[in-house]
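Here is the naming used below: chain letters follow the sequence lines, and residue numbers restart at 1 for every chain.
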Amino acid sequence: MNSHPEPVRLYGLLAEFDSADALLQAVYRAREAGFHRLEAYSPFSIEGLDEALGGTREYVPLITLGGGVLGALIGYFLQWYSATINYPINVGGRPLDSWPAFLPVTFEIAVLGAAFAALLGMLALNGLPRLMHPLFELEEFRRASSDRFFLCICSRDQRFDPQATRGFLDSLGALAVLEVPE
Amino acid sequence: MKSPADIASPNVLTQMRGTDALTAPQQERRRVLGLMAASAALVGAGCSAPDERYLVPYAEGPEQLLPGVPVLYATALAERGYAIGALVETNDGRPTKVEGNPRHPASLGSTTPQMQASVLQLWDPARSSVLLNRGQIGLWPQLQTAIESQRAALEQSAGAGLHILMRPSTSPLLASQLERIRQRYPRLQIAVYDPLASDSQPAGTQLAFGRALEPLYHFDRVRVVVTLDADFLQGQPGSVRYARDLISRRIPDRGADMSRLYAVESTPGLIGALADHRLSARPDQIEALAYRLADAFAIAAPAAPAQSPAARWEQGLLADLRAHRGACLVIPGDGMPPAVHALACALNEQLGTPGVTHAYLEPLGYQPTSAAGSLDSLRMLTEAASAGAVQLLLILDGNPVYDAPADLQFASALARIPQSLHLSAYVDETSAACTWHIPATHPFEQWGDLRAYDGTTSLIQPLIAPLYGGHSAHELLDLLTPLQASEDHAQLQALWRSRADADFDQRWRGWLRAGLIDGTAAPAASARLQLTTLPAPQFARSPEAQPVATAPAAAVGSAPAGRAVQLIFAADQSVRDGQWSNNAWLQELPRSMSKLTWGNAAYVSPRTAAALGVQTGDEIWLEQNEGSGLPRQLRVGVWVLPQQPDGCITLPLGYGRTSAGPVGDGVGFDAYPLRLAAAPWYGQAHARRAGTRWSPALTQRDQTLHGRDELLPLATLGQFRREPRFATASEDERVPDHTLYPAYPYPGYKWAMTIDLNACIGCNACTIACQAENNIPVVGAEQVRLGRVMHWIRIDRYEDDRPEAVDPLDTAGSARTRTLFQPVPCMQCEHAPCEEVCPVDATVHDSQGLNLQIYNRCIGTRFCSNNCPYKVRRFNFLQYSNQSVEALKALQNPDVTVRRRGVMEKCTYCLQRIERARIAAELEHRGVRDGEIVTACQAVCPTQAIRFGNLNDPQAQVLMTKASARNYSLLADLNTRPRTTYLARVLNPAEPDRG
Amino acid sequence: MAQVFDRGLLLALKLSALIAVALVVAGFYLWRWAIDWPYQVGSPPPQPLPFSHLHHVGEDGIDCRYCHTSVETSPFAGIPSSDTCMSCHSQLFREVPLFQVLHQSVSDGTRLRWSAVNEIPDFVYFNHSAHISHGVPCTACHGRVDEMPMTERAASLHMRWCLACHRQPAQHLVMPAQVFSTMAQGSADPARQRALLTHYGLNMRRWLTDCSTCHR
Amino acid sequence: MADSPTPVAELRAGDIPAGWSYRSLTEKITYIVFYRRSRLPWFTGLALCLLLSLMFCAAVGYLLFNGPGIWGIAIPVAWGYAIGNYVWWIGMAQGGTFISAVLLLVSQTWRRSINRSAEAMTLFAAVMAGLFPILHLGRPWFFYWLAPYPNKMELWPQWRSPLVWDFFAIAAYLLVSLMFWYAGLLPDLASMRDRARGRLTQVLFALAALGWRGEARHWKRHQTAYLLVAGMAAPLVVSVHSVVSLDYAIGNTPGFHSTIFPPYFVAGALFSGFAMVLTLLIPMRRFFHLEELITPAIIDNMAKVMFAVNWVLIYSYVAETFTNFYSGDPYERYMSLDRLTGLYAPVYWIQIFCNVIATQVLWWRWARRNLTVLFILSLVIQLGMWIERFIITVQPLHRDFLPSAWGAFSPTRWDWLTLFGSCAFFVLLLLLFVRLLPAISIHDLRGQLHEQYGSSAGKPGQQSGQRSAEQPT
């Protein structure tokens, strides 16, 4: 454990658990204890963990829908404009605005737009890419991507107090409680 | 970049003096020749980064030339020594295209395939460009001195030992020159040899009228035509005109009674495919038939073998002849013996109407010293030579070492001549055997004159200075009689000044402009029939009289020992006697009856093939020990042809050249070694299976309709009268009226085409004309085999045996299938399936309704070709267009983009001609008039089967043809709405019951 | 381990990313420039003779057609042959050494090699006479040659440029009399434009943008 | 495994045998990338593929230099191997996305241990597929004219052409598959980052992982997005091959012009796709000792799905031929007869054997679980499907409307070289993939483990020791 003689600005305190359930319990307890700035880290997606943390509003589906619609509009407009307005050409006696023939491309562009929106929206909302993060300072945190479950109480939380909070986390049966330097 | 016009133009200037263009503007204004047009054609579509270019104007501007505006010059080209009028299109001084001369009787605006190809011949980089003396490069002066040194001796001996060997020629200038020489050297011997010339014809008229005469036919005045192994639709001096005349009586829509055509053939040809009644027979059978005909019309002739293999057919024929006395003609073939020609003359006097249906002319060509005929004159020359009696021999064009009858041993005789001069465009087999070779000028490079089949004389004017420093026959002959004015132009003018009356110079210009000297048509000779005793049939005694098929069938399968067959020698449809061997356009032009390119094949009937145990693709040995002692052997590729008579093997001549040039060398087999002076047309040999194979380069692999009769509706005249709309009879073959698409309006021009299948004789002229006009590349035998031929308009050939097709009179059965031709260019569909699938708008419609192909936009997906039900699109799978040889670039039509590799191309109704006419009309602020735009294929067609015009023009001819009841669209039920439609074929067989 | 990245590394990464983007953009424009060569507007190519339209047209007022004789009747305006030049210069400036080339050309027939200023690809078929006869003034494409000491290209000659006029010809057209005027200017007045269109029969002009109008 | 309560063979599809821990899973899979020493077979395979790939490049170079004339194509058969190969590859590419996307949507948990490699296969196959339409062009360097972009010619793509639809379909499919794949890969990249030893590998993985920390809300959004992209990919699976089929069906050539083509092609695509996944999984499973993660039950399921699709395909064969005769159109009839009896009939019957006869062994459970049988069968199916595409492309073209235009197609050595070369290149990419990226989705398996064993799953001291036997200590 890294205990520094002089106090350092903390990002927060990190409690380590060895199972999803333990983490989930810890989160509930912490919420009861009135902590708000909580972060829970797990090596896989755990049902209901984010609800436990207070939940977040889902924007990704909306963004995706937006991307799809936008793609469709752009796709069709592009074809309609180029084929009927910009350079109308008689192709095999077919109508200039052969809308049925324009649908496939419209569809493909719509799907493409939606998929892009979904992925990029997710990353943006998650604040990724973020290549540097205080948590990465901790050697132990490596296991967050393997077999360890972490609960972090951020120092920004008004109830945060280095000593008390550490005590609280110990009381949750954490394998260890670590300081996350800023 | 060296521009081709650098080669051409300066010479043009020197030559253009005094000549007049048919379309040259009258006012004399200083013109300037820019070279953009020249360079325009050179780099084709899809050139990536543009390179720096230069504009190279003349130092001294030529007269009467508009840069980029093609000029037509009237001249004439020789067909077997006879003139066919031509208008040659020159772009910035470069001859690029040949059209027929509408005013010329032998042309009427049409040409032969060979005339189209003559432009390529002109630019052919393989043409001889240096004078050779015993293989060493020599100079003209050297030659002069060489002749000078001999002249004294020759004059002493009055020209003994001086011989001239020439091809048939009707040139008055040449004739006068030869006469002048003869006066100087009385003992001069002149031989005229043409491997394709018929000696029977003069001999026959000799028998009939007491002197040699030339027949002249008027097929437009004939009701019944009978051909005895005579395919007068091609290869004859009058063929182009004859085809026009014949067809003019065979369009059922026209009121006049449709003429009927009986063809008896020993080799299937165009005439047989066209005929209402066709009989394939061995030469001896044909001869016998002629005798029987004579018999039937009470003409004194030895009794012919009575039994006839096709009695019913002959009765039908006789009945028809009797029914139409006075309007019938019997045409004997070149190979038929003199007696048959004489009989034909006699028959025509009875059945035809002398002066109306036919006439006789005094011989137009220059007559050899021995009146006996061309072969005899050559024989005499050979004998003299081998006797060492020939001191100096001038060979004016021609290739006797290659094409003289084998048993004459001409080559060895030639070797014994101390001084032999050979004037020819190529260093060929004969050149190598002569002491001197002189490069000859192309007809487009010299002055001269020629007479047409009817005697009309045309002037030949140079369109460009000799590209390869050639010399004309006139120049060469002048070495024997040096004159003051030894230049062709002066000589020619001198000759015609002497024959013309007042204001010669003005007439001269008129003649040049018109392309002919009016009033020079030969008058009909007064010929009285004095038919005395005729020799007995000549072939009847030949051992091969009994057909092979009747021979024991045991030999079938197991390699048979030598089996007696009759050989039939025929000029190849493309390279003829071999003088066109090095012409790639002609080599790749599919032969009408086999669709074979790049080579010849031995045509064998199915039964004979079976008897020999071979089929198409196999090879056979032909062995011969008649004639001279040593046996001659020849291995030939077999092509099985249904209409071929049993026991007869046809060998096209003109192949197996060893010194033709890079294109023609080693292509096909040489049949001359089997050709004997005794029997130049019908020889004998023993055939046996060789066990080896050859692979023909075909442009059409499958030549049967597979029951898809709707592609080629067919009716007899009777049926047509009963049901005029037979072509579009069944519901699903009409163009559906309903369509999902709103109709596109075509308010301005609306181009369309019709192709009359009754008029098409399958002569291929359109294919090669299109090739010349549209810079269509040649791909070579290997690519043709792969199926990558580039022709934009192809002539499909089908073997058909539906009831309407087969000859009702012919009971022989073996050869009953009929050959049908169908020219297929781009159909210019209004609902073009090709356009819909092109991803880049490279093929689209324009406001005239043309189905365009934009080469520089094409990326080569080939989807359009897949989706074209007519498969008329052609793709540059490799770099086909020649971008390296300057001479070949100079040949290109500057108004048509040269296509690069990876680009699709196709027929565009000669878009460049349409645009040119449109702009010309706009300069005069008027619309294009009907007939101003003539597509290349339409222009060349001898029978005017193709009509093209503007559907919005009430005067347009194409409207009338479209209105014909026979009008139908190909694969109409696909609703592609083709602008190109066909007029269905109507045959006119005699109703059998009418007996 | 501490962090995988430190601030320096991150900075480096971001910078290299920026540079990469910059390179791509630069490359694109370089390519555009490359495929345009030598079709640059306003860069006169070197010529065998320093011929000046400014002098001949602007100052001497010689009509275009005196040298470019076939412009009304043929697809090509025509480049004057040396003897055309001599029609004046046999008298004028005989002794100026610059004219040596010209005199030589006339005497021994060696041709002048002018660099092409307005060059279009070979698959484009431009017809001068058609444009002249429809009231398109020389200036519309060639600009004010009477102000060019050395002749230079006045327009890009890109297809886009051609299309612009073929789609909306009206504002470029002038009356027949003005076609060869160096001052020729299309009119902005719609009524006049309509009149001109009617005069030249360009009211129905769908065909102007047909591919076949320029490509064959 | 002897000590596991239920032998691997009896496991339900997707279940992980007892005894695995989060850690051992992670180690097991990352081990393949980080520690496992490359064996000779891998190297020889790599070398072989490299060699063939080089020949492929040579063939392409020769093609660009000389033009498509080096192939056997001509008029009328203007499309040959290039297009056949293209359809073959793009068809194969369908399988992967189907497995990962569609099975995800219908919550088939057994996809978890195979979707990663399936998606990789999809990507690489799609890349190969994208290559051929460009190579087959007469002027490939202008392929970008199919894309709409402002240009000096003021020209646009011709939107009615199926080739343009194709261009967009492939592009969209390639990109979406890539995104889908990457989205699934993201958390595993984090695992790789955290277990990487070498500095460089660490930096690279860290870059790729974008700083993924596995925070709960991130997980939530990630799962949503993943599901949504899957939702996008699923219709693409159907659309892409339908569009490909339109390249033919829009045309009017007898044999092309058929309304059954879209479903017919999709079925064929899935069929070949599943076969390809099998061809891939079976060796991988053996080679990297993944028997316990890729259990027989999973293979069995795959075989079942494949067999089901196979029957759709067989139905299509029958339906197509029947309609051709039923239509009464003489041209259609002739084409079908020619297919059964004509020049290419022998090839066609091989196709029938591969795609109809041979697959019938799948009726039997033993066959579905016998890896050797399945592996061979999957190869046979690849062959059959390639032939199917060859027949569809070439045979109708060589007998269309006008007999005068009929011709034949016979491949040249360059045709073969491009075909085999592309296969080699494909395998090359796969070989590199398995050594550079986690070939199985680790976080999905952790989730699986959690669902199966709840909180006991992660506990240390479990038999994780021997499970991760290969981990160095």
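- Looking at every heavy atom in both residues, C/Ser129 comes nearest to B/Leu923 through O-CD2, 3.6 Å.
- Proximity to chain B is absent for every atom of C/His68, based on heavy atoms less than 4.5 angstrom apart.
- For the pair B/Ser847 (side chain) and C/Arg206 (backbone), a donor-acceptor distance under 3.5 Å is absent.
- Neither the backbone nor the side chain of B/Arg857 comes within contact range of chain C; no heavy atom of the residue lies under 4.5 Å from a heavy atom of that chain.
- Contact annotation: the side chain of B/Asn856 approaches that of C/His215 to within less than 4.5 Å [non-hydrogen atoms, C-beta and beyond].
- The heavy-atom pair separating C/His134 from B/Glu922 by the smallest distance is CE1-OE1, 3.4 Å.
- From B/Gln912, atom CD reaches atom OG of C/Ser212 across 12.0 Å, with rounding to the nearest 0.5 Å.
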Problem set entry | Worked verdict on C/Cys211 versus B/Asp846 for side-chain contact (heavy atoms from CB on, under 4.5 Å) | CA-CA 7 Å; C/Cys211 309; B/Asp846 71 2; over 6 Å; no

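- The structure places NE2 of C/His128 at 12.5 Å from CD1 of B/Ile919, a figure rounded to the nearest 0.5 Å.
- Remark: C/Arg192 engages C/Met175, C/Ser187, C/Asp189, C/Leu196 in a side chain to side chain contact (heavy atoms under 4.5 Å, CB included) (not counting sequence neighbours).
- Considering CD of B/Glu915 and CG of C/Asn127, their distance stands at 10.0 Å, rounded to 0.5 Å.
- Of the listed residues (C/Ser133, C/Ser74, C/Pro48), the greatest number of heavy-atom pairs within a distance under 4.5 Å of chain B belongs to C/Ser74.
- The shortest side-chain heavy-atom distance between B/Arg918 and C/Trp207 falls under the 4.5 Å cut-off.
- Closest non-hydrogen pair, B/Pro67 versus C/Pro75, comes out as O-CD, 3.9 Å.
- Listed by chain and residue number, C/Cys138, C/Phe180 satisfy the side chain to side chain contact (heavy atoms under 4.5 Å, CB included) test with C/Cys64 (two or more places apart in sequence, or in another chain).
- Residues passing the salt bridge (Lys or Arg N to Asp or Glu O under 4.0 Å) test with C/Asp146 are C/Arg144, sequence neighbours excluded.
- By a heavy-atom distance cut of under 4.5 Å, not one residue of residues 166-173 of chain C is near chain B.
- With respect to chain C, the highest number of heavy-atom pairs below 4.5 Å among B/Val844, B/Asn774, B/Ile854 belongs to B/Ile854.
- Between chain C and the options B/Thr908, B/Ile914, B/Leu852, B/Val69, heavy-atom pairs under 4.5 Å are most frequent for B/Leu852.
- Rounding to the nearest 0.5 Å places NE2 of B/His925 at 7.0 Å from NE2 of C/His199.
- Using a 4.5 Å cut-off on side-chain heavy atoms (C-beta onward), B/Thr897 and C/Tyr125 make contact.
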